[in-house]
Amino acid sequence: MHEIERAATVVTALAKGLRPRVGLILGSGLGGIADAIEGAVSIGYGELPGFTVGKVSGHAGRLILGRLAGMPVACLSGRAHLYEGTPVQAIRVPVRTLKKIGCDTLIVTNAAGACRRDLAPGSLMLIADHINMTGMSPLVGPDDGAFGPRFPSLEGAYDPALRARLLDLARRMDVPLREGVYLACLGPNYETPAEIRAFASLGADAVGMSTVPEVIVARHCGLRVAAVSVITNAGAGLSETPVAHDRVLDVAAEGGAHLARLLTVFLAELMTAS
Ligand code: HPA
């Protein structure tokens with residue numbers, strides 16, 4: 001609890017009275033949404049106890065507070081990944097800090113590869129459920145009952161009401177959005193064609209290296225979660241060209257523009273709905 005309380009104290013002291021309601025975690029190449037935050041207060045992770053982030057390009061490593069479409073938000077721009085060898089603590093602390101500073105909802109975005117040919121690069125997928133193939137849970141370790149139960153349920157982890165709202169909004173805004181299952185791998189290598197075929201047969205629609213650990217921590221401490229993938233590439237073996245990180249970032253930036261529009265209006269509607 002100690003680190004989280006200290007991080008929350010730093011954030012609250014710098015927040016100029018703003019009490020964030022929605023936490024945002026932005027994926028590779030999707031940091032642009034953070035640029036639209038008004039009255040932004042930006043805090044480097046170095047100033048926050050327990051916050052660490054690797055040096056993968058596209059990950060900035062700042063907590064940005066402010067308003068997006070009127071909604072008070074706290075945006076984690078830059079995230080720790082298990083493939084960096086960081087301890088699970090580096091994933092737990094930022095998410096629990098969001099809860100501690102007052103957020104009740106977490107919106108997560110990521111870049112992902114498609115396991116199906118009909119999910120085109122540049123399209124958006126609303127995550128309906130996940131398969132955890134990282135071989136790890138971020139809750140492994142001594143039980144800390146201060147945050148949530150020892151054996152949390154992950155049924156309905158991707159909040160059904162938020163999903164219904166997002167689907168309805170996307171339809172009204174004419175932004176193509178389909179639901180699917182996200183499968184998380186440890187990385188950092190991309191998958192083999194055999195793995196992509198296997199994942200598809202297991203029920204995965206998209207594959208990536210993030211999101212699932214954060215969602216598990218968020219559900220454990222009672223945050224409502226919505227998550228959207230920007231499909232950046234066909235999974236290994238589904239296209240002529242092998243997956244490349246630079247291309248992933250480029251396509252994420254393109255698809256990210258639609259996602260930014262969608263999430264901005266979503267936050268405005270969420271603000272007036274409650
Ligand atoms: N595999 C895993 N992670 C990814 C991919 C992929 O094809 N694309 C973007 N992140």
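Computed from a predicted structure; not experimentally measured. Order of appearance sets the numbers: ligands from 1, and atoms from 1 within every ligand.
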### Query
Which residue pairs satisfy the side chain to side chain donor-acceptor pair (under 3.5 Å) criterion with at least one member in residues 103-116, sequence neighbours excluded?
T105-R224, N110-T211, N110-S229, R116-D118, R116-D205
### Task
Starting from the C-alpha separation in whole Å, work towards a yes-or-no answer on side chain to side chain donor-acceptor pair (under 3.5 Å) for S77 and R62.
CA-CA 5 Å; S77 182; R62 307 194 70 78; over 6 Å; no
### Query
Got a salt bridge between D168 and R171, using NZ or NE/NH1/NH2 to carboxylate O under 4.0 Å?
yes
### Query
Is it true that R219 and E214 make a salt bridge, defined as a side-chain N closer than 4.0 Å to a carboxylate O?
no
### Query
Hey, are the side chains of I231 and L124 touching, using non-hydrogen atoms and a 4.5 Å cut-off?
no
### Task
Run through ligand 1 for me and note each protein residue having a heavy atom under 4.0 Å from it, chain first, then residue number.
A111, A112, G113, Y190, E191, V207, G208, M209, T232, N233, V248
#### Entry: Ring-ring centroid check Y158 H130, cutoff 6.0 Å
yes
